2 protein chains.
Amino acid sequence: MITRGEMWQAEILRVLNRSHAPVTAYEVLETLRETHGKVAPTTIYRAPSSLADCGRVHRVESLNAFTAYQCDRHQHTSILSICEECGSVEESVAPELLDEISGLVGRSGFSPMRHVIEVHGMCGSCSMRKLQA
Amino acid sequence: MITRGEMWQAEILRVLNRSHAPVTAYEVLETLRETHGKVAPTTIYRAPSSLADCGRVHRVESLNAFTAYQCDRHQHTSILSICEECGSVEESVAPELLDEISGLVGRSGFSPMRHVIEVHGMCGSCSMRKLQA
DNA sequence: TAACACGTGTTACTATATAACATTTATCGA
DNA sequence: TCGATAAATGTTATATAGTAACACGTGTTA
């Protein structure tokens, strides 16, 4: 049986997948209001949180926004590269880098639970375009 | 000559240094209102931004808050470990790790400008305390 | 079917951040 | 020195982000 909560998760995933750039909760909200009438922020926030918990979407902390996983295999911590020119986000996976970071901060006894690794800059296509112009 | 802007920067640095945990802009605001009467959010936001630009404070993206650099030598990208138990933040510096990350995301032509690396977890002291209890 | 647990909806609010414009202060040429 | 101009700072209002608290309904279980 499909619960209403699962229905919202599916709707929101669809909105996130339509955009290759991260989408803020309120942008999702506006989109869903076009098709569903009145929708409350709470509805929107609950779903991505649970989706993030089960590894289907990323929360992009430095943008206060969400983005769907590009690839099913990536359902663990990713390094996100965020183009400040076009807004696109790429995922990279590097467990060994995460381990190095954990090792580094672990020297003082710190136990990592969640890694936030976001790199801002300019993507390849935008760099190209800039050079040509 | 000391401009008003520099005065605010100094005030705000003082507030940040009094706390070993990150402080939100609005907490700074409240503190400064106690001593300076009416202060507008804009005033508070301008100063940490310029302080962040010149490497005196970190903006902690995953907390929407600011924290002063613990050590003058760290005036470049740091890895922040954030204790979710006591709120304390530690800095680690590892240029070679940043280079590895840059190399990784650079494979697709991405040019990094700013690294956000924040690790959430539990600090050594809190782990100790938990074990004893 | 009463009583409860739990998921979802609704309202209202708090927190975070910035845009737009007003005012003050600094700078510079006449 | 004085006015014109540019730059920094102050002020107001508002946009954006996020959550708490409670209401409501639905599906259990006894």
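Keep in mind that this is a model prediction, so the values were computed, not measured. Note on naming: letters A, B, ... go to the chains in the order of the sequence lines (proteins, then strands), and numbering restarts at 1 for each one. These numbers come from the heavy atoms of this one structure, side chains and all, not from hydrogens, waters or symmetry mates.
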Legend entry - Residues in side chain to side chain contact (heavy atoms under 4.5 Å, CB included) contact with A:Ser19, at least two apart in sequence or another chain: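 So A:Ser19 forms a side chain to side chain contact (heavy atoms under 4.5 Å, CB included) with A:Ala21, A:Val23.
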Output the rounded distance in Å from [atom1] ([X]) to [atom2] ([N]).
X	N	atom1	atom2	value
A:Leu29	C:dT10	CG	P	13 Å
A:Ile44	C:dT10	CD1	P	12 Å
B:Leu63	D:dA17	CG	C1'	15 Å
A:Glu61	C:dA17	CD	P	12 Å
A:Glu30	D:dA15	CD	P	12 Å
A:Phe66	D:dT16	CZ	C1'	14 Å
B:Ile12	D:dT9	CD1	P	12 Å

Inset, instruction - Hey, can you tell me if B:Phe66 and B:Tyr45 have their rings parallel, tilted or perpendicular (30° and 60° cut-offs)? - result: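 Geometry flag for B:Tyr45 against B:Phe66: perpendicular rings.
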Inset, instruction - Record whether the side chain of A:Thr42 comes under 3.5 Å of the base of D:dA20 through a donor-acceptor pair of N or O atoms. - result: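 Counting by modelled atom types and ignoring angles, a donor-acceptor contact under 3.5 Å is found here.
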Legend entry - base_contact_polar (C:dG7 base, A:Arg46 side chain, donor-acceptor, <3.5 Å):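 Absent.
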Legend entry - Shortest non-hydrogen separation from A:His20 to A:Ser88 and the atoms involved: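 Minimum heavy-atom separation between A:His20 and A:Ser88: CD2-CB, 3.5 Å.
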Inset, instruction - May I ask you to say whether B:Arg14 pairs ionically with B:Glu11, meaning some side-chain N is under 4.0 Å from a carboxylate O? - result: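 Answer for the salt bridge query: yes.
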Inset, instruction - Take B:Ala40 and A:Asn64, find for each the nucleotide of DNA chain D with the closest heavy atom, and name the residue whose nucleotide sits nearer the 5' end. - result: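 Result: B:Ala40.
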For [N], take OP1 and OP2 only and decide whether either is under 4.0 Å from a side-chain N or O of [X].
X	N	result
B:Trp8	D:dA8	no
B:Thr24	C:dA15	no
A:Tyr45	D:dG18	yes
A:Arg59	D:dG18	yes
A:Lys38	C:dG9	no

Legend entry - CD/A:Glu85: more than 12 non-hydrogen atoms of other groups inside 6.0 Å: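 Check passes, neighbour count above 12.
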Inset, instruction - Could you check A:Val39 against A:Tyr26 and say which one's nearest nucleotide on DNA chain C is further toward the 5' end? - result: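 The 5'-side residue here is A:Val39.
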